[in-house]
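Computed over heavy atoms, backbone and side chain alike; hydrogens, waters and symmetry mates excluded. Every value quoted in this text rests on a predicted model; they were computed, and no experiment measured them.
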Amino acid sequence: MKTPPESFLLFKEELRKAQLEKERLKQHYEEKLSDVNRELFRLKEQIQSQQDMMRTTLEYASVLEQRLSEFKEEVAHVTTQRKNSVY
């Protein structure tokens, strides 16, 4: 049986090294992508929480504004009644 030429063996070894490097890089970038996706998910959760807090704050401010208007009307009504009452 004839042995393959040395250049073929060298090419075969270089090809194996290139495939190993390709697999190593693929795994490295998949890990990085996974890290980025985890961070993105965490940031989305934080944004959602902040939006919920802002929505709650706006709803509370709206209720306070309504209560303040009602209180002003009540004060104006009481003031008007005092002016109209006989002392």
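One distance of note links CG of L33 with CG of L40; it measures 10.0 Å at 0.5 Å rounding. Atoms CZ and CD, from R24 and E21 in turn, are 4.0 Å apart once rounded to the nearest 0.5 Å. Interatomic distance, Y29 OH to K32 NZ, rounded to the nearest 0.5 Å: 8.0 Å. Interatomic distance, CG of L64 versus OH of Y60, reported as 4.5 Å (0.5 Å rounding). Rounding to the nearest 0.5 Å places CD of Q48 at 13.5 Å from CG of L43. Atom CG of D35 sits about 4.5 Å away from atom CZ of R38, to the nearest 0.5 Å.
Side-chain contact check for E59 versus V63: every heavy-atom pair is 4.5 Å or farther apart. No side-chain heavy atom of F71 sits under 4.5 Å from any side-chain heavy atom of R67. In this structure the side chain of E30 reaches within 4.5 angstrom of the side chain of K26, judged on heavy atoms.
None of K72, E70, E65, Q66 except one satisfies the side chain to side chain contact (heavy atoms under 4.5 Å, CB included) rule with L68; the exception is K72.
Between the side chain of T57 and the backbone N or O of M53 there is at least one donor-acceptor pair closer than 3.5 Å. Of the possible polar contacts, one joining the T80 side chain to the A76 backbone as a donor-acceptor pair under 3.5 Å is found.
Using a cut-off of 4.0 Å between Lys/Arg side-chain N and Asp/Glu carboxylate O, R55 and D52 are scored as salt-bridged. Between E45 and R42 there is no salt bridge, since no side-chain nitrogen of the basic residue lies less than 4.0 Å from a carboxylate oxygen of the acidic one.
For the 3.5 Å distance criterion, the side chains of E73 and H77 fail to qualify, holding no donor opposite an acceptor.
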Next item on the list: Begin with the C-alpha distance, continue with both residues' side-chain angles, and end with the deciding distance and a verdict on side-chain contact (heavy atoms from CB on, under 4.5 Å) for M54 and Q51.
Entry: CA-CA 5 Å; M54 289 175 63; Q51 286 176 337; 5.6 Å; no

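Other residues, nucleotides and ligands place no more than 12 heavy atoms under 6.0 Å from the CD atom of E74.
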